[in-house]
Student: 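Just passing along the structure, written as structure tokens.
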Amino acid sequence: MFRAQGIGKSYPGVRANDDVSFWVAPGEIHALLGENGAGKSTLVKMIYGLVRPDDGQMTLNGQPHQPADPRAARAAGVAMVFQHFSLFDALTVAENIALGMENPPPRRELSARIAQVSRDFGLPLNPARRIVTLSAGERQRVEIIRCLLQNPRLLIMDEPTSVLTPQEAELLFATLRTLADRGTAILYISHKLDEIRTHCDRATILRHGRVVDSCDPRAHSARDLAAMMVGGAMRPIDRSGRRAGEVLLQVGALSQPAPSAEGTALKSVALTLRAGEILGIGGVAGNGQDELLAALSGEARSAPGTILLGGADLSRLGPEARRRAGLLAAPEDRLGHAAVPDFSLAENALLTAGARKGLVRKGLIDRPAARAFAESVIRAFDVRTPGPGTAARALSGGNLQKFVIGREVIQAPRVLAVNQPTWGVDAGAAAAVRQSLLDLARSGAGVIVISQDLDELLELSDRFCALNEGRLSDPVPTEGLTLDRIGLMLGGAHGMEVAHP
Amino acid sequence: MIIDPIALFLLLLSASTPILFAALGELVVERAGVLNLGVEGMMITGALAGFAAAYHTGNPWLGFAAAALAGALIAMPFAVLTQFLLSNQVASGLALTLFGLGMAALFGKPVEGVKAPAMASGPLDLNWIVWLGLGMVPAIWWFLNRSRAGLILRGMGENHDAAHALGYDVRRVRIAAIAFGGAMAGIGGAFISIATVLQWTEGMTAGAGWIALAIVVFSNWTAPGVMAGAWLFGGVTVLQLRLQAAGVRVPVQLLSMAPYLATILVLVAISARQKFSRRAGSAAPGSLGQTFHALR
């Protein structure tokens, strides 16, 4: 159905795709597998007409496929669900869908068709709701229904499960299977090996912009696939050598009002963290993760007695005082929150490590010391950058993430709280970040990992809690915990009734 | 001192027209995600170009057409700077205001002191342009909320990356919106010189462009809200003029200040209410004022 032959694309200084050839058959779910930066996104953007290839040919249904823009691609029967949703928050579901169509029918008819397709595929959706009010899973449904209304021959899904609960992901795969059975070809991009192994018929593996292999993912182990993806065996993560010690951090009856109309209120959150322990906190985005991290870091202050570090009350202290006491944090948004985009790495290092590392003397910045500290982070965490004078925004996501986590880890905190430590980071950098958190815990610190990546939480944490609408569940030991059980804890069962009759 | 409410309302409609035009134009521009602070500069350009054209041709209608054209044209450097050269919208808009004010002062010298040609009135003895302005309110509301083109424009203002990903030409739509905003501001400015003051004086728009900008925010980016804001400003203007004429013993400076002061106070009160009411929050377009750069 779709065939690409010798596709190449260069950006200044980067060869994003080089001589890429593969094909997708009708009714097939075809995985495109590779690390971040392997060229998957550029490749599908070319198929969808957002980027023009420098060389090579594509054919769709035997016709040459050279879309000048996404409209031409859609007209040819290509539809795409984006990794970061291409939705308009303030508009309604129906308006969003109309924007993604060439000749949308009048509003009433469109609403009727949305209702019909959502019944057809078991994806409940109200056309009059505004996008802001929807969960991540529901938002993705909007994107999918927008595609389905155009009866695509080739549907491209760019990392669709990264924001879904396990149940929502199962629902998505059921939908994709129905579509494939009706003859639609599906190109599925991911770096989650397990879901590709269970759900995809064939896989094309990209590395550094080139096709390195093509295989049946069901016939290979996740380890083999990972090795093909990164080009060499992955070092297994080392969890050994940790022992839970005395209680370090005690949080009790922590309630906070929602900081904004879109925010989530925290409702009597309680947790204890021991030395040498990693506590994993899971949950779908927007259930209070940012608010909990802000309360821990000191950005938001809480009622007296709610946050105790080694018995000392930190609830009323700001971030700087908490850092001095040994409670450090790394927020989710690395560019803009964890780091100032236009500041150099040395300046960014100074911003959180100033007090603990003595980078400020008598109110003046000790620049050589700040540079040296930034350099030590760069060395210890293998941050690929020209040097500590580079602006934070010039780093790739994975490298900046290694830097902002490394900056806190090197300060030897007593407790470190991180939110989404490996979000949007390729497998190699993610493994490095996770290992550094484990190493930190082994050295006797307590670590809180807030994440939406359940595999990550299962891999790292000793105990697991779920954050749901600002409430934190009781912790359960991670040992022997299944994804199904976690999914139920996350309350990911919203709107599932229609889908599973 | 007798102030007839109906006569006052008709005067209010006239007095609010320049700001209504400018603010409706800016509303469309901001809904497309562009913050153009050059409204004042585009208004004064329209005021001069319109007046000069009307004076030389003797036809006020040609004057308004010239004002619209001039307003759209002078907005084009802003469009090129912000859409192609990716420069900062706030700085470019401020530059446009300064540029417009200076250029109008320079080229306005030859028409200083001459009188505008007379203009026939429409129903209720109101200028036709006033009626046109009132007609633009539902027209723009319909365009934004009911038409396909308006939906695309709003989508672009809400999230330009998503609009681009769906294959819409963000730059083209935004340039069209900027041109429309310039034309509307131009007509608003020309209404002051051709239909209200009947002559050209330097700096005659007197900050109306800034009020128009404020009104767009205070309307929460809706056409009816813009009309309410323009009427508030126009109403206080008319009232204070009446009070001045009636010889009320209040310093003239205070009275002249009143429309600006009243508008700003209402603005602050409304945004404070929005902040504390915790409801839907502000309806500001999501991509407002941000530079759009597409990687191809």
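Chain letters run A, B, ... following the sequence lines, proteins first, then strands; residues in each count from 1.
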Student: Donor-acceptor check, side chain of B:N159 to backbone of A:L87, threshold 3.5 angstrom: yes or no?
Tutor: yes

Student: Could you tell me whether the side chain of B:Y168 reaches within less than 4.5 Å of the side chain of A:R71, counting heavy atoms only?
Tutor: yes

Student: Using a 4.5 Å heavy-atom cutoff, which residues in residues 143-155 of chain B come close to chain A?
Tutor: B:R146, B:R148, B:L151, B:I152, B:R154, B:G155

Student: Would you indicate whether B:Y260, at its atom OH, is surrounded by more than 12 heavy atoms from other residues, nucleotides or ligands within a distance under 6.0 Å?
Tutor: yes

Student: Let me know if A:A72 has heavy atoms under 4.5 Å from chain B in its side chain, its backbone, both or neither.
Tutor: neither

Student: Could you go through residues 88-95 of chain B and list every donor-acceptor pair under 3.5 Å that involves a side-chain atom there, pairing it with any protein atom two or more places apart or in another chain?
Tutor:
unit_1	atom_1	unit_2	atom_2	d
B:N88	OD1	B:V90	N	2.7
B:N88	OD1	B:A91	N	3.0
B:Q89	OE1	B:L35	N	2.9
B:S92	OG	B:S87	OG	3.3
B:S92	OG	B:N88	O	2.7

Student: Heavy-atom pairs under 4.5 Å with chain A - which of B:S287, B:A165, B:P285 has more of them than the others?
Tutor: B:A165

Student: For B:D169, give me all partners under side chain to side chain donor-acceptor pair (under 3.5 Å), at least two apart in sequence or on another chain.
Tutor: none

Student: Of all heavy-atom pairs between B:M156 and A:F88, which one has the smallest distance, and what is that distance?
Tutor: N-CE2, 4.5 Å

Student: Side chains of A:R146 and B:L166: closer than 4.5 Å at any heavy-atom pair?
Tutor: yes

Student: Using side-chain contact (heavy atoms from CB on, under 4.5 Å) as the criterion, list what pairs up with B:A262, not counting sequence neighbours.
Tutor: B:V236

